[in-house]
*Asks:* 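Structure in C-alpha cells, see below.
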There are 2 protein chains.
Amino acid sequence: MNTAKRKRLESAGWRFGNAADFLGMPPEEEAYVKLKLRLADALEAKRKAEHLTQKALATRLKSSQSRVAFMEKGDPSVTVDLLVRGLFALGVSRKELAKAI
Amino acid sequence: MNTAKRKRLESAGWRFGNAADFLGMPPEEEAYVKLKLRLADALEAKRKAEHLTQKALATRLKSSQSRVAFMEKGDPSVTVDLLVRGLFALGVSRKELAKAI
DNA sequence: ACATATTATATCATTCCTGATATGTCGTCA
DNA sequence: TGACGACATATCAGGAATGATATAATATGT
C-alpha cells in the first residue's frame, strides 16, 4: 500500500473500516496507526466528559481549534506526541493513558 | 523553569535526580517528560533483551545509530513518536507498551 | 428561517524533528 | 600498545509537524 493511499484512508473513512484496511501494512506500522486512533478516541471522549469545546482544549494546549479537530480524527498530520500532550492537558494520568492504549 | 535549563536537565543528569528536578514544572509537562524516560528505558531494555546493537536497531527503524543513542537517553530532541515507533520496531505489542507506561 | 455555536477542512510560514555524517570516548582483547 | 566494536556527542540540511487563519459545514436553539 503506498503512502498516499494510506494517508487518504487514514484521514477519511478507515476508522469505520475493518481489518482489511491494514492489509499489506507492516505490523509495526499497523500498531502505530491503531495506537493513534485509540489515543484520538480517548482524547475526544475525555474532552467531552469534561464538557470542553475543541477551542477550549486548544487554548489549554496552546494550539488551535483546527488542530484539535485533526487530533480527534487521528489525522496523519498529527503525531502520537501531540495526542499524548493533549491527554495530559486534560489531566489524564500515565496510568489512565496506559489503559487507553 | 525556563526551557533552556530544562533541556539541559533533561539531556544531562536528571535521570538520576529526584523529584526536585520537576519542581516548578507544570504537571502535564512533568507527565510528558516522565513518559519519555520510561519509554527510553523500555527501549534500551528491549533492545538488549534482543541482543541487538544500537546500529542494528537503527537499521530496523531506518534511522541512525546516533539517534538511537539519543532515544535511549530520553534526549529532548527525541519525541514520544519516535520512541513508540522504536518499540514497535522491536516487536513490542500495544499491551506491552501500555505496561511500560 | 435565522442566528449562533461548534466542528471540519484548506492553506501556509515557521519551527522543530529527523537521518546522516563525523568524530570522540570507553571498554575489550590480542 | 594498538586495533576494533559499541556507544556518546556535535552539527546540519531537508522535511514533516505545528499553530494560525480563513472559511465551510453542521448542529442547536429561538
Side-chain angles (χ1 to χ4, degrees), chain A residues 3-4 6-16 28-29 32-33 35-37 39-41 43-89, chain B residues 3-4 6-16 28-29 32-33 35-37 39-41 43-89:
Chain A
T3 300
R6 214 161 44 221
K7 290 207 168 186
R8 248 179 298 119
L9 280 176
E10 278 180 37
S11 63
W14 75 266
R15 156 204 278 298
F16 307 108
E28 73 269 17
E29 184 167 357
Y32 174 75
V33 174
L35 170 65
K36 289 213 324 194
L37 285 190
L39 294 177
D41 288 345
L43 184 75
E44 182 174 8
K46 182 68 174 173
R47 174 180 66 82
K48 290 184 172 169
E50 301 287 327
H51 302 294
L52 292 173
T53 65
Q54 290 181 344
K55 189 171 204 208
L57 172 54
T59 301
R60 283 203 199 179
L61 249 178
K62 300 189 214 301
S63 182
S64 58
Q65 176 268 323
S66 61
R67 187 130 308 269
V68 172
F70 285 128
M71 290 166 75
E72 293 183 355
K73 291 192 89 73
D75 189 271
S77 78
V78 176
T79 60
V80 170
D81 236 88
L82 188 58
L83 288 165
V84 164
R85 290 195 334 256
L87 285 164
F88 285 155
Chain B
T3 300
R6 213 161 45 220
K7 290 206 168 186
R8 248 179 296 120
L9 279 176
E10 277 180 38
S11 63
W14 76 266
R15 158 203 278 298
F16 306 109
E28 73 270 16
E29 184 167 358
Y32 174 75
V33 174
L35 171 64
K36 288 211 329 195
L37 285 189
L39 294 177
D41 288 344
L43 185 74
E44 182 174 8
K46 181 69 174 173
R47 173 180 66 81
K48 290 185 172 169
E50 302 286 327
H51 302 293
L52 293 172
T53 64
Q54 290 183 344
K55 189 171 202 197
L57 173 55
T59 301
R60 284 202 198 179
L61 249 178
K62 300 190 212 302
S63 182
S64 58
Q65 176 268 323
S66 60
R67 187 130 306 270
V68 172
F70 284 129
M71 290 165 76
E72 293 183 354
K73 291 192 89 72
D75 188 271
S77 78
V78 176
T79 59
V80 169
D81 237 88
L82 188 58
L83 289 165
V84 163
R85 289 192 338 252
L87 286 164
F88 285 155

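We name chains A, B, ... by the order of the sequence lines, and we start the count at 1 in each one.
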*Asks:* What is the distance, to the nearest angstrom, from the CG atom on D81(B) to the P atom on dA16(D)?
*Replies:* 14 Å
*Asks:* Between CZ of F70(A) and CD of Q54(A), what distance do you get to the nearest 0.5 Å?
*Replies:* 10.5 Å
*Asks:* Heavy atoms within less than 4.0 Å of DNA chain C: which residues of residues 49-65 of chain B have one? Give them sorted by number.
*Replies:* K62(B), S63(B), S64(B)
*Asks:* For the helix from dA1(C)-dT30(D) to dC16(C)-dG15(D), measure the angle between the helix axis at one end and the axis at the other, each built from five pairs, rounding to 10°.
*Replies:* 30°
*Asks:* Once you round it to whole Å, what is the distance between C1' of dT7(C) and CE of M71(A)?
*Replies:* 15 Å
*Asks:* Would you indicate what V68(A) reaches in the nucleic acid, counting non-hydrogen atoms under 4.0 angstrom: base, sugar-phosphate, or nothing?
*Replies:* nothing
*Asks:* Could you pull out the closest heavy-atom pair between S77(A) and R67(A), with the gap in Å?
*Replies:* OG-NH1, 3.6 Å
*Asks:* Could you tell me the separation between the CG atom of D75(B) and the C1' atom of dA8(D), rounded to a whole number of Å?
*Replies:* 11 Å
*Asks:* Check whether any side-chain nitrogen or oxygen of R67(B) sits under 4.0 Å from OP1 or OP2 of dC7(D), and answer yes or no.
*Replies:* no
*Asks:* Looking only at side-chain N and O atoms, does K73(A) come under 4.0 Å of OP1 or OP2 in dT7(C)?
*Replies:* no
*Asks:* Is there a donor N/O on one and an acceptor N/O on the other, under 3.5 Å, for the side chain of S66(B) and the base of dT21(C)?
*Replies:* yes
*Asks:* Would you check, one step at a time, whether the test side chain to side chain contact (heavy atoms under 4.5 Å, CB included) holds for L57(B) with M71(B)?
*Replies:* CA-CA 11 Å; L57(B) 173 55; M71(B) 290 165 76; 5.9 Å; no
*Asks:* Going by side chain to side chain donor-acceptor pair (under 3.5 Å), name the residues that satisfy it together with S63(A), two or more places apart in sequence or in a different chain.
*Replies:* none
*Asks:* Who pairs with K55(A) by side chain to side chain donor-acceptor pair (under 3.5 Å), at least two apart in sequence or on another chain?
*Replies:* none
*Asks:* Rounded to the nearest 0.5 Å, what separation is found between the NZ atom of K48(B) and the CG atom of L43(B)?
*Replies:* 10.5 Å
*Asks:* Which pair of heavy atoms, one from Q65(B) and one from A58(B), lies closest together, and at what distance?
*Replies:* N-CB, 3.5 Å
*Asks:* How long is the straight-line distance from CG of L87(B) back to CD of E28(A), given to the nearest 0.5 Å?
*Replies:* 12.5 Å
*Asks:* Report the distance from atom CZ of F70(A) to atom C1' of dT9(C), rounded to the nearest whole Å.
*Replies:* 5 Å
*Asks:* Under the criterion side chain to side chain contact (heavy atoms under 4.5 Å, CB included), I'd like the reasoning laid out for L82(B) against R85(B): C-alpha separation, chi angles, the key distance, then a yes or no.
*Replies:* CA-CA 5 Å; L82(B) 188 58; R85(B) 289 192 338 252; 3.4 Å; yes
*Asks:* To the nearest 0.5 Å, how far apart are CG in D41(A) and NZ in K73(A)?
*Replies:* 11.0 Å
*Asks:* Using side-chain contact (heavy atoms from CB on, under 4.5 Å) as the criterion, point out the one residue from V84(A), T79(A), L35(A) that pairs with V84(B).
*Replies:* L35(A)
*Asks:* Taking the nucleotide of DNA chain D with the nearest heavy atom to each, does A69(B) or L82(A) sit closer to the 5' end?
*Replies:* A69(B)
*Asks:* Does K46(A) use its side chain to pair, donor to acceptor, with the backbone of G86(A) at less than 3.5 Å?
*Replies:* no
*Asks:* Starting from C1' on dG5(D), measure out to NZ on K48(B) and report it in whole angstrom.
*Replies:* 15 Å
*Asks:* Please enumerate all protein N or O atoms sitting under 3.5 Å from an N or O of nucleotides 25-29 of chain D, with distances to 0.1 Å.
*Replies:*
none

*Asks:* Under 3.5 Å between N/O atoms: give me all the protein pairs with nucleotides 25-28 of chain C, atom names plus distance.
*Replies:*
none

*Asks:* When you check the gap from the basic side-chain N to the acidic O, do R47(A) and E72(A) get nearer than 4.0 Å?
*Replies:* yes
*Asks:* Please name the pair of heavy atoms, one in G74(B) and one in A40(B), separated by the smallest distance, quoted to 0.1 Å.
*Replies:* N-CB, 3.7 Å
